Amino acid sequence: MSFRKAVRVVCGLAGGSAALLAAAALAESRGVFGEKKPGEPGCRRGWSGIAVLRAAQSLTAVNPTVAPSGFGWDSNWDKREPLSLVNSKRKDKETGEGELPTELQNNKPKATRHIFLIRHSQYNLNGQSDKERRLTTLGQEQAEFTGHRLAALGLKYDLLIHSTMTRATETTQIISKYLPGVEMVSCDLLREGAPIEPVPPVSHWKPEAVQYHEDGARIEAAFRRYIHRADAKQNKDSYEIIVCHANVIRYFVCRALQFPPEGWLRMGLNNGSITWLTIRPNGRVALRTLGDSGFMPPEKLTRT
């Protein structure tokens with residue numbers, strides 16, 4: 001096998017890694033691919049894909065391309081870590097009295113929270129007011145698909161919370177048909193807005209600084225109200241649905257995963273999509289799905 005063909009094979013197996021290709025090319029230029037023919041210093045015999053891979057690995061192993069960020073996980077990100085809830089005076093006492101362990105046990109969460117963040121369906125972008133920005137016919141179809149999908153998961157939902165904006169309210173009403181008996185609650189904190197100035201900035205969307213100041217505080221308040229580990233009194237896992245907006249959901253995801261919140265605009269969400277967050281009793285967070293809309297036919301997908 002020729003050198004070029006071997007590199008293509010190996011890089012194909014490695015998912016087309018540009019880093020591997022570059023490393024293999026560098027290794028080839030340094031003549032690490034075996035013996036040379038007598039009298040022909042510029043020629044090499046054919047080398048197998050394994051030889052190329054090993055040579056590339058030998059050059060990249062000592063030079064990792066990504067360095068750790070240095071930022072650790074804050075286990076008390078939601079201010080509900082059991083030790084932080086214990087009375088400060090009791091923390092100073094000897095644990096032999098049994099008070100501290102007992103109080104710690106009483107404040108220890110036992111259940112897992114599952115939070116489904118649903119982006120509203122397509123709506124009339126030409127509406128001048130919120131009331132005029134109602135769901136389109138396609139948007140209504142999208143909400144039907146989302147409601148059917150949530151029901152098909154076979155979970156026992158505890159609550160259906162939604163933004164008070166028209167497009168979110170209408171989406172929720174359609175979804176609720178598939179989830180009979182689930183309590184519906186509206187919340188102004190979940191309205192759409194500008195959570196924080198995005199990095200990198202975009203030219204087509206530049207709110208005034210005061211909008212970030214006002215919306216950011218409100219959306220952060222919504223995050224603190226709804227995204228946290230279970231209360232210690234909760235004995236069973238819970239499943240809650242929140243129907244709101246793309247900016248709110250993307251900000252929630254960044255905050256929950258402890259990613260830089262200013263990166264929220266780097267993600268895109270389809271209308272009617274499902275984002276599933278899981279929060280364990282120990283405060284660890286997992287993103288089960290981000291903007292899942294695979295349950296809709298391709299021709300029904302929009303991102304407006």
Side-chain angles (χ1 to χ4, degrees), residues 66 68-79 113-123 125 130 133 139 142 146 161-168 171-172 187-229 240-280 283-294 301-304:
V66 180
S69 66
F71 296 101
W73 178 261
D74 177 10
S75 61
N76 195 31
W77 61 275
D78 59 351
K79 308 308 176 188
R113 294 186 67 211
H114 297 271
I115 303 172
F116 297 83
L117 301 167
I118 313 298
R119 189 190 177 195
H120 61 77
S121 301
Q122 186 191 65
Y123 67 101
L125 290 171
D130 178 62
R133 293 169 184 160
Q142 291 170 340
T146 304
I161 310 164
H162 64 90
S163 157
T164 54
M165 298 188 85
T166 300
R167 54 190 182 271
T171 300
T172 303
C187 179
D188 272 331
L189 294 177
L190 293 167
R191 296 172 70 87
E192 183 64 299
I196 187 174
E197 190 169 357
V199 177
V202 292
S203 58
H204 62 277
W205 187 73
K206 289 188 176 182
E208 297 293 331
V210 66
Q211 186 174 350
Y212 287 119
H213 182 71
E214 295 176 354
D215 290 353
R218 172 177 55 78
I219 296 172
E220 173 64 20
F223 172 80
R224 298 187 186 193
R225 172 177 292 188
Y226 296 114
I227 312 299
H228 54 77
R229 77 191 79 186
E240 301 166 46
I241 301 170
I242 300 177
V243 182
C244 53
H245 310 269
N247 294 359
V248 176
I249 294 172
R250 293 181 285 189
Y251 178 79
F252 279 10
V253 168
C254 286
R255 287 281 286 109
L257 297 178
Q258 298 187 27
F259 293 163
E262 62 271 18
W264 64 273
L265 197 52
R266 303 171 201 172
M267 296 178 278
L269 300 174
N270 288 336
N271 294 112
S273 61
I274 300 174
T275 295
W276 182 353
L277 284 173
T278 295
I279 307 178
R280 301 295 181 189
R284 293 189 180 180
V285 182
L287 181 62
R288 302 282 290 272
T289 65
L290 175 66
D292 176 27
S293 53
L301 299 177
T302 61
R303 196 180 292 175
T304 56

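All of these numbers come straight from a predicted model, not from anything done at the bench. FYI, side chains are in, hydrogens and waters are out, and symmetry mates aren't considered; it's all heavy atoms of this structure.
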Quick check: do [X] and [Y] have side-chain heavy atoms less than 4.5 Å from each other?
{"X": "His213", "Y": "Glu208", "answer": "no"}
{"X": "Ser75", "Y": "Arg284", "answer": "no"}
{"X": "Tyr226", "Y": "Ile161", "answer": "yes"}
{"X": "Pro198", "Y": "Tyr251", "answer": "no"}
{"X": "Ile219", "Y": "Leu189", "answer": "no"}
{"X": "Glu192", "Y": "Val248", "answer": "yes"}
{"X": "Thr164", "Y": "Arg191", "answer": "yes"}

Taking all non-hydrogen atoms of both residues into account, name the closest pair between [X] and [Y] and its distance.
{"X": "Cys187", "Y": "Arg225", "answer": "SG-NH1, 3.9 Å"}
{"X": "Ser121", "Y": "Thr171", "answer": "N-OG1, 3.1 Å"}
{"X": "Leu190", "Y": "Ser163", "answer": "O-CB, 3.5 Å"}
{"X": "Trp73", "Y": "Leu257", "answer": "CZ3-O, 3.6 Å"}
{"X": "Trp264", "Y": "Pro195", "answer": "CE2-CG, 3.7 Å"}
{"X": "His120", "Y": "Asn271", "answer": "O-ND2, 3.3 Å"}

Answer yes or no: is there a donor N or O on one side and an acceptor on the other, between the side chain of [X] and the main chain of [Y], under 3.5 Å?
{"X": "Thr289", "Y": "Trp276", "value": "yes"}
{"X": "Asp292", "Y": "Ile274", "value": "no"}
{"X": "Arg229", "Y": "Arg280", "value": "no"}
{"X": "Thr278", "Y": "His114", "value": "no"}
{"X": "Arg119", "Y": "Leu269", "value": "yes"}
{"X": "Arg250", "Y": "Ala246", "value": "yes"}
{"X": "Gln258", "Y": "Asp74", "value": "yes"}
{"X": "Glu197", "Y": "Tyr212", "value": "no"}

In Å, rounded to the nearest 0.5 Å, how long is the span from [atom1] of [X] to [atom2] of [Y]?
{"X": "Phe252", "Y": "Leu287", "atom1": "CZ", "atom2": "CG", "result": "14.0 Å"}
{"X": "Phe116", "Y": "Leu277", "atom1": "CZ", "atom2": "CG", "result": "10.0 Å"}
{"X": "Arg224", "Y": "Lys79", "atom1": "CZ", "atom2": "NZ", "result": "8.0 Å"}
{"X": "Met267", "Y": "Phe259", "atom1": "CE", "atom2": "CZ", "result": "8.5 Å"}
{"X": "Ile115", "Y": "Ile279", "atom1": "CD1", "atom2": "CD1", "result": "4.0 Å"}
{"X": "Ser273", "Y": "Ile249", "atom1": "OG", "atom2": "CD1", "result": "6.0 Å"}

Checklist entry - So Arg133 and Asp130, salt bridge (Lys or Arg N to Asp or Glu O under 4.0 Å) or not? Walk me through it. => result CA-CA 5 Å; Arg133 293 169 184 160; Asp130 178 62; 5.6 Å; no
Next on the checklist: Over 60° means perpendicular and under 30° means parallel, so tell me whether Phe223 and Trp77 are parallel, tilted or perpendicular.
Outcome noted: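 Correct class here is tilted.
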